[in-house]
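Order of the sequence lines fixes the chain letters, A, B, ..., with proteins taken first and strands second; residue numbering starts at 1 for each chain.
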There are 2 protein chains.
Amino acid sequence: MTAVCTSNRATAGGRGRRGLSREVVVTAAIQIARRDGIDALSMRRLADELDSAPMSLYRHVSDREALLLAMLDDVATALVLPPVHPDPTSELSVVLRAIHTVLRNEPWLVHLLVVEGMASPAIMPAVERIFAALSRAGVPDGDIPAMYSLLWHYTEGEAMAAHHDRPDTLARSMFTAAVRETPESFPVVLRVSSQSARDSSLDYFQTNLAVLVRGVLPRSTGGDLE
Amino acid sequence: MTAVCTSNRATAGGRGRRGLSREVVVTAAIQIARRDGIDALSMRRLADELDSAPMSLYRHVSDREALLLAMLDDVATALVLPPVHPDPTSELSVVLRAIHTVLRNEPWLVHLLVVEGMASPAIMPAVERIFAALSRAGVPDGDIPAMYSLLWHYTEGEAMAAHHDRPDTLARSMFTAAVRETPESFPVVLRVSSQSARDSSLDYFQTNLAVLVRGVLPRSTGGDLE
DNA sequence: ACCTGAACACCGTTCAAGT
DNA sequence: ACCTGAACACCGTTCAAGT
């Protein structure tokens, strides 16, 4: 019940030279990560961007890790999911595609999820919808966590790989190097890769998601899992 | 034809105080990454471990990135795959499980693959076997890269997540926090998670791999992939 | 010719000194 | 009471000086 301390004139908008609020800090951090990648986001760089000293940030955020968590929480809260689809197959595709689209556009987010292993309670609604769709489709309760993990990890992994594949990293060039050296050892790789050269793995997600969902959902022909 | 300079008594084994070869450097680096994680592997720390100056390392390795690539190459070359299985389903399971086992035991390796996006030509034999198995199973050539990417990314992603799940990161605790706050919003998550509390996602891989392979391979009922 | 110490431009964070 | 400069213990890498 003490008087509110944040009512100085210049602080109101949160944009004034000294209007350093938690929200302003987190928003600026997201902008840096978006523009220059998560590695470029240092406490010192962030302070520079905000015209303040590095130590001033620690007033609003206890840690670098706390800052990253707050960033994740911000975008997870802002995530809007498409309306619920009654058909489980469509529902899974729709929810996972919405998440995948965000991950595709925010490499730093994928980094926080995959590399730092972070998570925000704000994506729980999405999780519930996936669980519910699996349940509605007839997946037994005991199998749902495994199926969920399958779908989720693939979505994450695909997004992660996509951010690497863009500038055609060393991966592909090393592959072709090995194939060129002893082509007779890799007949199928050679045949397949010579056939379709314009595969950016970007188009894979749609197809693969369909395959996944088809594999995950029990078909009319019984539900034996193994 | 100058006299060979590396033949001082102590150098022979490559272990003596000054026996700093590329192989010794890379091996020591792998040991550090294995013991204390990839983040603990700094040029300075590595130099300390080898009783030499940080700059001496640059004689044998051009870069930190080159060092990491050499480490990856080392273990990829050492990887022994199980004998070829004629049945495509078994073949896929066997190859992917062999890779998964290595990734499970070498977190730093997963980091190089997933986070740094590195690859070594030395795993091409494994790739060829996966491609060949898919082809043998009747997957059309045009779909093989997508199916491969599906299987590979899941294997990677599962291993990555496993390394995080070990110490029960914030992820799960945040989930349960959200569920506790408004349990009525997450009925299915609540029901399913209360049922099986001992799921470590470690056991998922076996099951999920079977589901994946089942989904990937065309069934006897036609091969319409959409 | 080979190796390497000092130096440069960074990093997250603590701690005590500023206003 | 609030903010922050200097300092600590790191980092990868360049460059010139050592032997």
E49(B) atom CD, over 12 foreign heavy atoms within 6.0 Å: yes
So, for S185(A) and E128(B), which heavy atoms are closest and what is the spacing to 0.1 Å? O-CG, 3.6 Å
Using whole Å, report how far [atom1] of [X] lies from [atom2] of [N].
X      : N       : atom1 : atom2 : value
H60(B) : dC2(C)  : NE2   : P     : 11 Å
L50(A) : dT4(D)  : CG    : P     : 12 Å
L20(B) : dC3(C)  : CG    : C1'   : 11 Å
L46(B) : dC10(D) : CG    : P     : 16 Å

Are there any protein N/O atoms within less than 3.5 Å of an N/O atom in nucleotides 12-14 of chain C, and if so, which ones and at what distance?
| unit_1 | atom_1 | unit_2 | atom_2 | d |
| --- | --- | --- | --- | --- |
| dG12(C) | OP1 | M43(A) | N | 3.1 |
| dG12(C) | OP2 | M43(A) | N | 3.0 |
| dG12(C) | N7 | R44(A) | NH1 | 2.3 |
| dG12(C) | O6 | R44(A) | NH1 | 3.1 |
| dG12(C) | O6 | R44(A) | NH2 | 3.3 |
| dT13(C) | OP1 | D63(A) | OD1 | 2.6 |
| dT13(C) | OP2 | Y58(A) | OH | 2.8 |
| dT13(C) | OP2 | R64(A) | N | 3.2 |

The dot-bracket string of DNA chain D, counting Watson-Crick and G-U wobble pairs with both distances under 3.5 Å, using [ ] for crossing pairs and | for pairs to another strand, is ||.|||||...|||||.||
Tell me whether the rings of Y154(A) and H153(B) are parallel (<30°), tilted (30 to 60°) or perpendicular (>60°). tilted
Test ring-ring contact (aromatic ring centres under 6.0 Å, His included) applied to F186(B) - qualifying residues, sequence neighbours left out: none
Would you please name every residue forming a salt bridge (Lys or Arg N to Asp or Glu O under 4.0 Å) with [X], sequence neighbours left out?
X       : answer
E106(B) : R34(B)
D63(B)  : none
R64(A)  : none

Could you check whether any side-chain heavy atom of Y148(B) comes within less than 4.5 Å of a side-chain heavy atom of V189(A), counting everything from C-beta outward? no
